[in-house]
Protein chains: 2
Amino acid sequence: MSELISQAYERLRSQGGRMTNQRRLLLSILDSLGEHPTAEELLLIARKQDPDLNLSTVYRTLRWLEAENLVSARLFAEERRQERFDAVLPSEHHHFMCTNCKNVIEFDTELLVDIKSQFQDSSGASVSMGSIVLYGLCPSCRQGSVAQELDREVG
Amino acid sequence: MSELISQAYERLRSQGGRMTNQRRLLLSILDSLGEHPTAEELLLIARKQDPDLNLSTVYRTLRWLEAENLVSARLFAEERRQERFDAVLPSEHHHFMCTNCKNVIEFDTELLVDIKSQFQDSSGASVSMGSIVLYGLCPSCRQGSVAQELDREVG
DNA sequence: GCCCTTATTGCAAATCATTTGCAATAATTA
DNA sequence: TAATTATTGCAAATGATTTGCAATAAGGGC
Ligand SMILES: [Mn+2]
Ligand SMILES: [Mn+2]
Ligand SMILES: [Zn+2]
Ligand SMILES: [Zn+2]
């Protein structure tokens, strides 16, 4: 069983919580989906298997997972101001969002630890976590815009 | 006159926009305030000088500044999910938020450029901007929690 | 397996943050 | 100073998320 799901079971057990069908379903989707769904997107996916699932339940589950530090929520620079949710496990990572097509690419870096310690040393704070979001053009949108520039130059 | 304010005048001129009392006031606050107010906080501050100022006007002004890239908006991990606004000028910088007292500390780093180029090289994307948010305990809250730990140990 | 307790759900309504339509006002320009 | 129209304040709308509550179902003990 995945890290996320076994962690969820453990937290529920220690809190006297219950593993419902709804939670099991949402967890399995979050676990396997290689994306960053909004609550609504997650609902749509989940309803294929449980058509009666309610948006409130999705939010309640996500907020619980967030409080347990098993899921992180963030707002990217998009038109609709909906939070996007991301399983924290198996590994911490960062995000790039294409300003053109809005696709998100995940990436890792060992350089953030240097930034953390640099900041800790100069400020006296203790840093427990950090996240980086980069914006720009993804490879394919970049091609598109190069082509457009050529069009403009050549006419 | 500050970079922010002179830039605002310039953009207005080139767009046939008007420099109203409301905009002048909001700009001067954003320019001098060393914080990251929400729209509502900004309204409260501004109403000391213009009691009739309306929240819509605050939002409209902030969104215009955001579109002009003179202000950035972000959501920190707080209880209330309100955006916080930050003058982009005079210089790009990053943020640390204390998870305990919610205070924000700004910091600079030259290491982000390395992360950007590392990502650009490995992904083929082109990165135009990036932001880092760190979370942890600020110096004074850190002291508090050290004291608490001692209390617990000593009894 | 069945019962009991109560955590969780679905639903509808509420709340919170932000945006919008519109008539009145005020900044610019001639 | 008058004409033009961008901007404002206000109230209502919208979009995202949360909440109260009665009905349901998990899971522990029998
Ligand atoms: Mn991710
Ligand atoms: Mn700042
Ligand atoms: Zn793209
Ligand atoms: Zn603090």
Side-chain angles (χ1 to χ4, degrees), chain A residues 5 8-27 29 36-44 46-68 71-86, chain B residues 5 8-27 29 36-44 46-47 49-68 71-86 102:
Chain A
I5 295 180
Y9 269 100
E10 196 169 317
R11 310 289 173 99
L12 285 175
R13 193 172 45 66
S14 76
Q15 301 171 20
R18 295 171 188 182
M19 178 53 79
T20 61
N21 289 328
Q22 292 87 333
R23 284 178 179 164
R24 229 189 318 274
L25 173 57
L26 292 170
L27 281 165
I29 294 171
H36 304 86
T38 63
E40 230 180 313
E41 288 168 353
L42 186 53
L43 177 71
L44 287 177
R47 278 193 168 161
K48 291 175 190 165
Q49 299 188 232
D50 177 356
D52 294 335
L53 183 66
N54 192 275
L55 186 58
S56 302
T57 303
V58 174
Y59 271 111
R60 280 189 282 233
T61 300
L62 287 169
R63 293 298 175 213
W64 175 71
L65 288 168
E66 194 186 5
E68 294 295 321
V71 153
S72 69
R74 57 174 129 275
L75 204 69
F76 291 98
E78 298 174 277
E79 194 60 22
R80 301 184 62 179
R81 244 170 271 279
Q82 295 183 113
E83 288 175 85
R84 292 191 167 273
F85 299 86
D86 195 8
Chain B
I5 295 180
Y9 269 99
E10 196 168 317
R11 311 288 173 100
L12 285 176
R13 192 174 45 68
S14 76
Q15 301 170 19
R18 296 171 186 181
M19 178 53 78
T20 61
N21 290 328
Q22 292 89 334
R23 284 177 179 166
R24 228 188 319 274
L25 173 57
L26 292 171
L27 282 165
I29 295 170
H36 305 84
T38 62
E40 230 179 313
E41 287 168 353
L42 185 55
L43 177 71
L44 286 176
R47 279 194 168 161
Q49 298 186 233
D50 177 356
D52 294 336
L53 184 66
N54 192 276
L55 186 59
S56 302
T57 303
V58 174
Y59 271 111
R60 280 190 282 233
T61 300
L62 288 169
R63 293 297 175 215
W64 175 72
L65 288 167
E66 194 186 5
E68 293 297 320
V71 153
S72 69
R74 60 174 125 272
L75 204 69
F76 291 98
E78 298 173 277
E79 193 59 22
R80 300 184 63 181
R81 249 168 267 280
Q82 294 182 114
E83 287 175 87
R84 293 189 167 274
F85 298 87
D86 194 10
K102 311 297 178 192

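Every chain is numbered from 1 and lettered A, B, ... according to where its sequence line falls, protein lines coming before strand lines.
Contact between the side-chain N/O atoms of A:Gln22 and the OP1/OP2 oxygens of D:dA25 is not found at any separation under 4.0 Å. Distances shorter than 4.0 Å separate some side-chain N or O of B:Asn21 from OP1 or OP2 on C:dA27. Remark: A:Arg63 is in phosphate contact with D:dT18, judged by side-chain N or O atoms under 4.0 Å from OP1 or OP2. Contact check, A:Arg23 against C:dT8: a side-chain N or O comes under 4.0 Å of OP1 or OP2. Checking the phosphate oxygens (OP1, OP2) of D:dT8, no side-chain nitrogen or oxygen of B:Asn54 falls inside 4.0 Å. B:Arg80 has no side-chain polar atom (N or O) that falls below the 4.0 Å cut-off from OP1 or OP2 of C:dC16.
Distance B:Leu12 CG to D:dT7 P: 7 Å, rounded to the nearest Å. B:Leu55 has its CG atom 14 Å from the P atom of C:dT20, to the nearest Å. Atom CD of B:Glu83 and atom C1' of C:dC16 are 13 Å apart (whole Å). To the nearest angstrom, P of D:dA25 lies 10 Å from CG of A:Asp52. The distance between atom CG of A:Leu65 and atom P of C:dT8, rounded to the nearest whole Å, is 12 Å.
In this structure, the side chains of A:Leu26 and A:Leu53 come closer than 4.5 Å at one or more pairs of heavy atoms. The shortest side-chain heavy-atom distance between B:Leu27 and B:Tyr9 does not fall under the 4.5 Å cut-off. In this structure the side chain of B:Asn21 never reaches within 4.5 angstrom of the side chain of B:Leu25, judged on heavy atoms.
With a 6.0 Å cutoff to the six-membered ring centre and a 45° limit on the axis angle, A:Arg23 counts as a cation-pi contact of A:Trp64.
In this structure B:Glu79 satisfies the side chain to side chain contact (heavy atoms under 4.5 Å, CB included) test with no other residue, sequence neighbours excluded.
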side-chain contact (heavy atoms from CB on, under 4.5 Å) between B:Glu78 and B:Arg84, intermediate numbers included: CA-CA 11 Å; B:Glu78 298 173 277; B:Arg84 293 189 167 274; 2.9 Å; yes
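Backbone-only engagement by B:Leu53 is indicated by non-hydrogen atom pairs under 4.0 Å involving sugar-phosphate atoms exclusively. Base contact: B:Arg60 has a heavy atom under 4.0 Å from a base atom.
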Could you write out each protein N or O paired with an N or O of nucleotides 27-30 of chain D at a distance under 3.5 Å?
residue: D:dG27; atom: OP1; partner: A:Met19; partner atom: N; Å: 2.8

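One finds the CD atom of B:Glu83 at 4.5 Å from the CZ atom of A:Arg81 (value rounded to the nearest 0.5 Å).
Side-chain atoms of B:Ser56 stay outside donor-acceptor range of the base of D:dA12, with no qualifying N/O pair under 3.5 Å.
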